[in-house]
Amino acid sequence: MRVIIEKDYEAMSKKAALLVASQVRLKEDSVLGLATGSTPIRMYNELIEMYEKDEIDFSEVKTFNLDEYCNLPSENPQSYHYYMNENFFNHVNIPEENINLLDGMTDNLKKESIEYDMKIKRAGGIDLQVLGIGPNGHIGFNEPAEKLNVKTHQVDLAQETIEANSRFFESKEDVPKKAITMGIATILKSNRILLLANGKNKAKAIKETVSGNVTTKVPSSLLQTHPEVTIIVDEEAAELI
Ligand code: GLP
(Lines give C-alpha, C1' and ligand atoms only; values in the text may rest on other atoms or scores of the structure.)
Protein backbone atom coordinates (compact mmCIF):
# COMPACT_ATOMS: atom_id res chain seq x y z
CA MET A 1 0.00 0.00 0.00
CA ARG A 2 1.22 3.45 -0.82
CA VAL A 3 0.17 6.00 1.80
CA ILE A 4 0.34 9.70 0.92
CA ILE A 5 -0.19 12.15 3.76
CA GLU A 6 -1.36 15.61 2.72
CA LYS A 7 -1.65 18.66 4.95
CA ASP A 8 -5.42 19.10 4.83
CA TYR A 9 -8.66 18.23 3.04
CA GLU A 10 -7.95 20.57 0.16
CA ALA A 11 -4.49 19.14 -0.55
CA MET A 12 -5.84 15.59 -0.22
CA SER A 13 -8.58 16.37 -2.75
CA LYS A 14 -6.18 17.99 -5.22
CA LYS A 15 -3.82 15.01 -5.11
CA ALA A 16 -6.74 12.59 -5.57
CA ALA A 17 -8.06 14.55 -8.56
CA LEU A 18 -4.59 14.52 -10.16
CA LEU A 19 -4.43 10.76 -9.76
CA VAL A 20 -7.88 10.26 -11.35
CA ALA A 21 -6.98 12.71 -14.13
CA SER A 22 -3.73 10.90 -14.89
CA GLN A 23 -5.66 7.63 -15.17
CA VAL A 24 -8.08 9.19 -17.69
CA ARG A 25 -5.26 10.86 -19.65
CA LEU A 26 -3.34 7.59 -19.91
CA LYS A 27 -6.42 5.63 -20.96
CA GLU A 28 -9.19 7.79 -22.40
CA ASP A 29 -11.79 5.02 -22.16
CA SER A 30 -11.02 4.29 -18.50
CA VAL A 31 -13.60 2.55 -16.36
CA LEU A 32 -13.85 4.44 -13.08
CA GLY A 33 -15.42 3.14 -9.89
CA LEU A 34 -16.86 6.11 -8.01
CA ALA A 35 -17.71 6.79 -4.38
CA THR A 36 -20.07 9.14 -2.57
CA GLY A 37 -20.04 10.61 0.94
CA SER A 38 -18.59 13.93 2.05
CA THR A 39 -14.97 12.87 1.46
CA PRO A 40 -14.74 12.93 -2.37
CA ILE A 41 -16.83 16.10 -2.93
CA ARG A 42 -13.83 18.39 -3.27
CA MET A 43 -12.07 15.88 -5.53
CA TYR A 44 -15.09 16.01 -7.85
CA ASN A 45 -14.92 19.84 -7.75
CA GLU A 46 -11.30 19.73 -8.78
CA LEU A 47 -12.07 17.36 -11.67
CA ILE A 48 -14.90 19.64 -12.81
CA GLU A 49 -12.49 22.60 -12.78
CA MET A 50 -9.98 20.64 -14.86
CA TYR A 51 -12.74 19.77 -17.32
CA GLU A 52 -13.84 23.42 -17.57
CA LYS A 53 -10.25 24.43 -18.31
CA ASP A 54 -10.12 21.78 -21.07
CA GLU A 55 -7.48 19.84 -19.20
CA ILE A 56 -9.42 16.57 -19.17
CA ASP A 57 -11.92 14.85 -21.41
CA PHE A 58 -14.40 12.32 -20.03
CA SER A 59 -16.18 11.56 -23.32
CA GLU A 60 -15.01 7.95 -23.41
CA VAL A 61 -15.02 7.27 -19.69
CA LYS A 62 -17.39 4.72 -18.14
CA THR A 63 -18.37 4.84 -14.48
CA PHE A 64 -19.76 2.41 -11.92
CA ASN A 65 -20.85 3.68 -8.54
CA LEU A 66 -20.11 1.69 -5.44
CA ASP A 67 -23.41 1.69 -3.63
CA GLU A 68 -26.90 3.11 -3.16
CA TYR A 69 -29.51 3.23 -0.42
CA CYS A 70 -32.56 1.02 -0.85
CA ASN A 71 -36.00 2.60 -1.19
CA LEU A 72 -34.75 6.14 -1.73
CA PRO A 73 -35.90 7.48 -5.12
CA SER A 74 -33.25 9.09 -7.32
CA GLU A 75 -34.99 12.49 -6.91
CA ASN A 76 -34.35 12.33 -3.16
CA PRO A 77 -31.40 14.66 -2.42
CA GLN A 78 -29.93 12.03 -0.06
CA SER A 79 -29.83 9.33 -2.72
CA TYR A 80 -26.44 8.63 -4.25
CA HIS A 81 -28.00 9.08 -7.73
CA TYR A 82 -28.85 12.65 -6.81
CA TYR A 83 -25.47 13.20 -5.18
CA MET A 84 -23.55 12.03 -8.26
CA ASN A 85 -25.60 14.16 -10.65
CA GLU A 86 -25.26 17.26 -8.47
CA ASN A 87 -21.61 16.85 -7.56
CA PHE A 88 -20.16 15.46 -10.76
CA PHE A 89 -22.15 14.08 -13.69
CA ASN A 90 -24.12 17.26 -14.46
CA HIS A 91 -20.89 19.21 -14.85
CA VAL A 92 -18.69 16.99 -17.04
CA ASN A 93 -19.00 15.24 -20.41
CA ILE A 94 -19.44 11.61 -19.41
CA PRO A 95 -22.10 10.27 -21.82
CA GLU A 96 -25.24 9.30 -19.92
CA GLU A 97 -25.16 5.78 -21.32
CA ASN A 98 -21.70 5.30 -19.81
CA ILE A 99 -22.90 6.05 -16.28
CA ASN A 100 -23.86 3.06 -14.13
CA LEU A 101 -25.54 3.37 -10.76
CA LEU A 102 -27.16 0.68 -8.66
CA ASP A 103 -30.95 0.83 -8.54
CA GLY A 104 -31.99 0.70 -4.88
CA MET A 105 -35.65 1.03 -5.88
CA THR A 106 -35.86 -2.24 -7.79
CA ASP A 107 -38.09 -5.01 -6.49
CA ASN A 108 -35.51 -7.55 -7.65
CA LEU A 109 -32.28 -6.71 -5.86
CA LYS A 110 -30.77 -10.08 -6.60
CA LYS A 111 -31.15 -9.61 -10.35
CA GLU A 112 -29.88 -6.02 -10.09
CA SER A 113 -26.78 -7.24 -8.21
CA ILE A 114 -25.94 -10.04 -10.64
CA GLU A 115 -26.44 -7.79 -13.66
CA TYR A 116 -24.27 -5.05 -12.16
CA ASP A 117 -21.32 -7.41 -11.70
CA MET A 118 -21.84 -8.67 -15.25
CA LYS A 119 -21.90 -5.13 -16.62
CA ILE A 120 -18.59 -4.38 -14.88
CA LYS A 121 -17.11 -7.51 -16.39
CA ARG A 122 -18.40 -6.65 -19.87
CA ALA A 123 -16.86 -3.18 -19.54
CA GLY A 124 -13.50 -4.89 -19.05
CA GLY A 125 -13.34 -4.41 -15.27
CA ILE A 126 -12.66 -1.28 -13.27
CA ASP A 127 -9.37 0.50 -13.99
CA LEU A 128 -9.45 2.77 -10.95
CA GLN A 129 -11.82 2.44 -8.00
CA VAL A 130 -12.19 5.46 -5.73
CA LEU A 131 -13.18 4.65 -2.15
CA GLY A 132 -14.10 6.55 0.99
CA ILE A 133 -14.14 4.76 4.34
CA GLY A 134 -16.60 4.54 7.20
CA PRO A 135 -15.36 5.18 10.76
CA ASN A 136 -15.93 1.43 11.32
CA GLY A 137 -13.78 0.50 8.31
CA HIS A 138 -16.65 -0.11 5.91
CA ILE A 139 -15.92 0.35 2.21
CA GLY A 140 -18.89 0.90 -0.06
CA PHE A 141 -21.52 -0.43 2.31
CA ASN A 142 -19.58 -3.58 3.20
CA GLU A 143 -20.07 -3.49 6.95
CA PRO A 144 -17.89 -5.25 9.55
CA ALA A 145 -19.08 -8.86 9.88
CA GLU A 146 -17.97 -12.42 10.60
CA LYS A 147 -18.38 -13.20 6.91
CA LEU A 148 -18.51 -10.89 3.92
CA ASN A 149 -20.59 -11.27 0.80
CA VAL A 150 -18.07 -11.00 -2.02
CA LYS A 151 -20.30 -9.94 -4.92
CA THR A 152 -22.69 -7.02 -5.31
CA HIS A 153 -25.50 -7.55 -2.79
CA GLN A 154 -28.04 -6.04 -0.45
CA VAL A 155 -26.91 -5.17 3.09
CA ASP A 156 -28.41 -4.18 6.42
CA LEU A 157 -26.62 -1.04 7.50
CA ALA A 158 -24.70 -1.16 10.78
CA GLN A 159 -26.12 0.98 13.58
CA GLU A 160 -22.84 2.94 13.56
CA THR A 161 -23.28 3.74 9.87
CA ILE A 162 -26.90 4.80 10.35
CA GLU A 163 -25.69 7.15 13.08
CA ALA A 164 -22.72 8.44 11.05
CA ASN A 165 -24.91 9.10 7.99
CA SER A 166 -27.82 10.61 9.95
CA ARG A 167 -26.07 13.98 9.65
CA PHE A 168 -27.34 14.13 6.07
CA PHE A 169 -30.96 13.37 7.03
CA GLU A 170 -33.54 15.20 9.14
CA SER A 171 -33.47 12.46 11.76
CA LYS A 172 -31.88 9.08 12.41
CA GLU A 173 -35.23 7.44 11.62
CA ASP A 174 -35.07 8.80 8.07
CA VAL A 175 -31.81 6.98 7.25
CA PRO A 176 -32.59 3.91 5.12
CA LYS A 177 -31.82 0.67 6.96
CA LYS A 178 -30.78 -1.19 3.83
CA ALA A 179 -28.51 -0.53 0.90
CA ILE A 180 -27.06 -2.25 -2.14
CA THR A 181 -23.29 -2.32 -2.57
CA MET A 182 -20.51 -3.73 -4.68
CA GLY A 183 -19.04 -6.65 -2.76
CA ILE A 184 -15.47 -6.93 -1.52
CA ALA A 185 -14.40 -9.13 -4.45
CA THR A 186 -15.99 -6.70 -6.93
CA ILE A 187 -13.89 -3.94 -5.36
CA LEU A 188 -10.70 -6.01 -5.10
CA LYS A 189 -10.91 -7.00 -8.78
CA SER A 190 -10.26 -3.36 -9.76
CA ASN A 191 -6.82 -2.80 -11.30
CA ARG A 192 -6.04 0.12 -8.98
CA ILE A 193 -7.71 1.40 -5.84
CA LEU A 194 -7.60 4.92 -4.42
CA LEU A 195 -8.86 5.32 -0.86
CA LEU A 196 -9.42 8.78 0.59
CA ALA A 197 -9.93 9.81 4.20
CA ASN A 198 -9.82 13.03 6.14
CA GLY A 199 -10.52 14.06 9.70
CA LYS A 200 -9.80 12.64 13.14
CA ASN A 201 -12.86 10.38 13.11
CA LYS A 202 -11.22 8.29 10.37
CA ALA A 203 -7.83 7.93 12.12
CA LYS A 204 -8.59 4.60 13.81
CA ALA A 205 -10.05 3.08 10.64
CA ILE A 206 -7.00 4.23 8.64
CA LYS A 207 -4.59 2.73 11.15
CA GLU A 208 -6.46 -0.60 11.00
CA THR A 209 -6.60 -0.45 7.20
CA VAL A 210 -2.87 0.14 6.84
CA SER A 211 -1.39 -2.02 9.59
CA GLY A 212 -4.15 -3.90 11.41
CA ASN A 213 -4.96 -7.59 11.07
CA VAL A 214 -6.63 -8.50 7.80
CA THR A 215 -10.13 -9.29 8.98
CA THR A 216 -13.72 -9.10 7.78
CA LYS A 217 -14.41 -7.19 11.00
CA VAL A 218 -12.57 -4.28 9.37
CA PRO A 219 -13.54 -4.64 5.68
CA SER A 220 -11.00 -2.00 4.55
CA SER A 221 -8.16 -4.14 5.98
CA LEU A 222 -8.74 -6.53 3.06
CA LEU A 223 -7.22 -3.86 0.84
CA GLN A 224 -3.85 -5.00 2.22
CA THR A 225 -4.22 -8.03 -0.08
CA HIS A 226 -4.41 -5.85 -3.22
CA PRO A 227 -1.16 -4.98 -5.06
CA GLU A 228 -2.12 -1.48 -6.28
CA VAL A 229 -3.69 0.54 -3.47
CA THR A 230 -2.97 4.22 -2.89
CA ILE A 231 -4.30 5.82 0.26
CA ILE A 232 -4.42 9.61 0.41
CA VAL A 233 -5.17 11.06 3.83
CA ASP A 234 -4.95 14.40 5.54
CA GLU A 235 -2.80 14.84 8.66
CA GLU A 236 -5.73 14.27 11.01
CA ALA A 237 -6.71 10.94 9.48
CA ALA A 238 -3.01 9.93 9.53
CA GLU A 239 -2.67 10.72 13.25
CA LEU A 240 -2.44 7.06 14.41
CA ILE A 241 -0.38 5.60 11.58
C1 GLP B 1 -20.94 6.05 3.33
C2 GLP B 1 -20.74 5.37 1.95
C3 GLP B 1 -19.32 5.06 1.71
C4 GLP B 1 -18.49 6.23 2.14
C5 GLP B 1 -18.50 6.33 3.64
C6 GLP B 1 -17.82 7.55 4.22
O7 GLP B 1 -21.82 5.39 4.13
N8 GLP B 1 -21.51 4.21 1.74
O9 GLP B 1 -19.13 4.73 0.33
O10 GLP B 1 -17.17 6.06 1.74
O11 GLP B 1 -19.78 6.15 4.15
O12 GLP B 1 -18.58 8.69 4.12
P13 GLP B 1 -18.03 10.14 4.39
O14 GLP B 1 -17.09 10.43 3.27
O15 GLP B 1 -19.23 11.03 4.35
O16 GLP B 1 -17.35 10.12 5.70
Side-chain angles (χ1 to χ4, degrees), residues 1-6 12-27 29-44 46-47 61-68 80 84 88 100-102 116-117 119-121 123-144 148-153 155 181-198 202 205-234 237-238 241:
M1 274 178 170
R2 185 165 151 239
V3 181
I4 301 173
I5 303 173
E6 293 290 340
M12 177 205 82
S13 306
K14 283 204 161 113
K15 184 59 78 77
L18 283 175
L19 208 141
V20 174
S22 67
Q23 169 66 46
V24 173
R25 285 182 191 130
L26 276 173
K27 183 174 182 272
D29 59 348
S30 284
V31 180
L32 301 179
L34 297 178
T36 51
S38 45
T39 310
I41 287 186
R42 192 67 181 255
M43 177 196 79
Y44 289 131
E46 293 286 332
L47 288 169
V61 164
K62 279 202 179 105
T63 67
F64 286 88
N65 259 79
L66 263 179
D67 49 14
E68 179 56 287
Y80 291 162
M84 287 307 300
F88 193 45
N100 297 280
L101 286 136
L102 282 156
Y116 203 68
D117 282 335
K119 262 196 242 168
I120 295 175
K121 202 172 167 191
I126 292 171
D127 292 301
L128 176 66
Q129 174 68 58
V130 179
L131 296 175
I133 185 170
N136 63 359
H138 78 219
I139 46 178
F141 270 131
N142 293 281
E143 299 283 20
L148 292 178
N149 198 330
V150 293
K151 295 188 172 168
T152 297
H153 62 286
V155 282
T181 181
M182 279 186 197
I184 284 289
T186 320
I187 294 171
L188 290 175
K189 270 188 208 151
S190 312
N191 286 339
R192 292 164 73 210
I193 295 176
L194 168 62
L195 184 138
L196 307 177
N198 66 290
K202 300 290 172 72
I206 288 299
K207 178 178 189 264
E208 289 174 343
T209 305
V210 174
S211 56
N213 291 333
V214 175
T215 165
T216 58
K217 290 178 184 154
V218 184
S220 56
S221 68
L222 286 148
L223 296 174
Q224 288 178 40
T225 66
H226 193 285
E228 281 292 337
V229 177
T230 301
I231 300 185
I232 310 181
V233 285
D234 73 347
I241 303 180

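- Residues Leu195 and Ile206 are in side-chain contact: their nearest non-hydrogen atoms beyond the backbone lie under 4.5 Å apart.
- Using a 4.5 Å cut-off on side-chain heavy atoms (C-beta onward), Asn65 and Tyr116 make contact.
- Here the CD1-CG distance, from Ile4 to Asp234, works out to 13.5 Å after rounding to the nearest 0.5 Å.
- In this structure, CG on Leu223 lies 6.0 Å from CG on Leu188, to the nearest 0.5 angstrom.
- When each of Leu194, Leu34, Val24 is checked for a side-chain contact (heavy atoms from CB on, under 4.5 Å) with Leu128, only Leu194 meets the rule.
- In Lys119, the NZ atom is crowded: over 12 heavy atoms of neighbouring residues, nucleotides or ligands sit closer than 6.0 Å.
- A distance of 8.5 Å separates CD1 of Ile184 from NE2 of His153, quoted to the nearest 0.5 Å.
- Between the Asp29 side chain and the Val61 main chain, no donor and acceptor come within less than 3.5 Å of each other.
- Using a 30° and 60° split on the angle between ring planes, Tyr80 and Phe141 fall in the parallel class, below 30°.
- Side-chain contact between Lys202 and Pro135 is present, with at least one heavy-atom pair separated by less than 4.5 Å.
- Side chains of Asp127 and Leu32 form no contact here, defined as non-hydrogen atoms less than 4.5 Å apart.
- One finds the CG atom of Leu148 at 10.0 Å from the CD atom of Glu143 (value rounded to the nearest 0.5 Å).
- Between His226 and Ile187, the closest side-chain pair of non-hydrogen atoms is not below 4.5 Å.
- For Lys27, the NZ atom is densely surrounded, since the number of other residues' heavy atoms within 6.0 Å is greater than 12.
- Using a 4.5 Å heavy-atom cutoff, the side chains of Ile126 and Met182 are in contact.
- Side-chain contact between Asn198 and Thr39 is present, with heavy atoms from C-beta onward closer than 4.5 Å.
- Here CD of Gln129 is found 14.5 Å from CD of Glu228. Values are rounded to the nearest 0.5 Å.
- Side-chain contact between Thr230 and Arg192 is absent, with no heavy atoms from C-beta onward closer than 4.5 Å.
- Atoms CD and CG, on Gln23 and Asn191 in that order, are 8.0 Å from each other to the nearest 0.5 Å.
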